[in-house]
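Sequence lines set the chain letters: A, B, ... in the order given, protein chains first and strands last, and positions in each chain run from 1.
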There are 2 protein chains.
Amino acid sequence: MRPLFHPAIEDVRPEAILHALADPSRAAIFAKIMRAGCVEACSALSAVGDRIIPKSSLSNHFKVLREAGLIRSERHGVELRNYSRWAEVEARFPGLLAGIINAYASAVGTDARAADTAGPR
Amino acid sequence: MRPLFHPAIEDVRPEAILHALADPSRAAIFAKIMRAGCVEACSALSAVGDRIIPKSSLSNHFKVLREAGLIRSERHGVELRNYSRWAEVEARFPGLLAGIINAYASAVGTDARAADTAGPR
DNA sequence: CCCATAGTTCCAAAATTCCGAACTATGGGA
DNA sequence: TCCCATAGTTCGGAATTTTGGAACTATGGG
């Protein structure tokens, strides 16, 4: 098992962030980690809206988020602990994440699949 | 030739916008149209940075931007006139486009391919 | 009517994404 | 220590998307 790769914040590219968050499932996963600050266990997020995500796809989603610089993952025993890198990304690209997360939140209701990106009720 | 399709602003989805702008060429094209307010002729944009974009790919890029709700295209004689739908998109998803365009602009220099997304000098 | 220009469509090759199945790593028990 | 369960990763092929050359369409002159 290759050690987890995390880009330095100065190596993070806007296109990677947009690509990562252009997928509603990934955006929902990221939104949840963001709001919680930290989410333990990838499998805690195996359902987005009503859609069940297979383990292998989930693993890949986390990898995409990680390599885009959006989250930091640490192995703790048998599971992964995922932290959002919001503060770092915000410092590098001010307003980017807020704009994206708000956009998804305000599109809820028009698109069921992104339901979990909904902001605080 | 099928008439050009433009989604109503309320049908515009965040994932379509992110997907459209996750491509540095498209982001550069959109940034240029945005700054100019309107750009005539797709072919005026056939080079992004040092990369030459084939006609057919360019045509497709404009289609993606159009169907994501980012631009409005009108046929004027033999050429297309492209307008940014910034104001509408901004009203629906406040801060989204600014965040994205600023992110690309501030990444310039670290990534040559996105050079044209640079903001006002 | 013919030509040039501007863009679109077609279609096949290349690149990506998706996901089931097999695998690896870690932490308990017995 | 050995075995099992859990959590996640990797492999590999099918499905989807993207790319771009060549042929096509539409419009405006001479």
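- Look at Arg75(B) and you won't find any side-chain N or O under 4.0 angstrom from OP1 or OP2 of dT25(D).
- Across all strands shown, dG13(D) pairs with dC18(C); the Watson-Crick or G-U wobble distances both stay below 3.5 Å.
- Proximity of His76(B) to the phosphate of dA26(D): no side-chain N or O atom is located under 4.0 Å from OP1 or OP2.
- We find that CG of Asn60(B) is positioned 14 Å from P of dG21(D), with the value rounded to whole Å.
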Report the C-alpha separation of Ile17(A) and Leu97(A) in whole Å, then their side-chain angles, then the decisive distance to 0.1 Å, and conclude whether the side-chain contact (heavy atoms from CB on, under 4.5 Å) test is met. CA-CA 9 Å; Ile17(A) 293 183; Leu97(A) 296 183; 4.2 Å; yes

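- Nucleotide dA7(D) holds its P atom 14 Å from the CG atom of Asn82(A), rounded to whole Å.
- Going from atom CD of Glu74(B) over to atom P of dT27(D) covers 15 Å, rounded to whole Å.
- In this structure, dA4(C) and dT27(D) make a Watson-Crick or G-U wobble pair, each of the two defining distances being under 3.5 angstrom.
- When the side-chain nitrogen and oxygen atoms of Arg81(B) are compared with OP1 and OP2 of dG7(C), none of them lie within a distance under 4.0 Å.
- For the pair Glu79(B) CD and dG29(D) P, the interatomic distance rounds to 12 Å; values are reported in whole Å.
- Distance, Leu4(A) CG to dT24(C) C1': 14 Å, rounded to whole Å.
- Taking the side chain as every heavy atom from C-beta outward, Leu21(A) and Leu70(A) approach each other to under 4.5 Å.
- Closest contact between the side chain of Ser56(A) and the listed nucleotides dT19(D), dT9(D), dC19(C) involves dC19(C).
- For the pair Glu67(B) CD and dT17(D) P, the interatomic distance rounds to 13 Å; values are reported in whole Å.
- Here His19(B) reaches the OP1 or OP2 of dT18(D): one of its side-chain N or O atoms lies under 4.0 Å away.
- No donor-acceptor contact under 3.5 Å links the side chain of Ser59(B) to the base of dG7(C).
- Two residues, His61(A) and Val78(A), neighbour DNA chain C, and the one matched to the more 5' nucleotide by heavy-atom proximity is His61(A).
- Distance alone, capped at 3.5 Å, places no donor-acceptor pair between the Tyr104(B) side chain and the Ala31(B) backbone.
- Atom P of nucleotide dG8(D) and atom CD1 of Ile53(A) are separated by 13 Å, given to the nearest angstrom.
- Atom pair Phe62(B):CZ and dA6(C):C1' shows a separation of 12 Å (rounding to whole Å applied).
- Within the 4.5 Å cutoff, no side-chain heavy atoms of Asp23(B) are placed close to those of Leu18(A).
- Here the nucleotide nearest the side chain of Lys55(A), chosen from dA7(D), dA6(C), dT19(D), is dA7(D).
- Looking only at side-chain heavy atoms (C-beta outward), Phe62(A) and Leu80(A) stay at 4.5 Å or farther from each other.
- Residue Ser57(B) places no side-chain N or O under 4.0 Å from the OP1 or OP2 atom of dT19(D).
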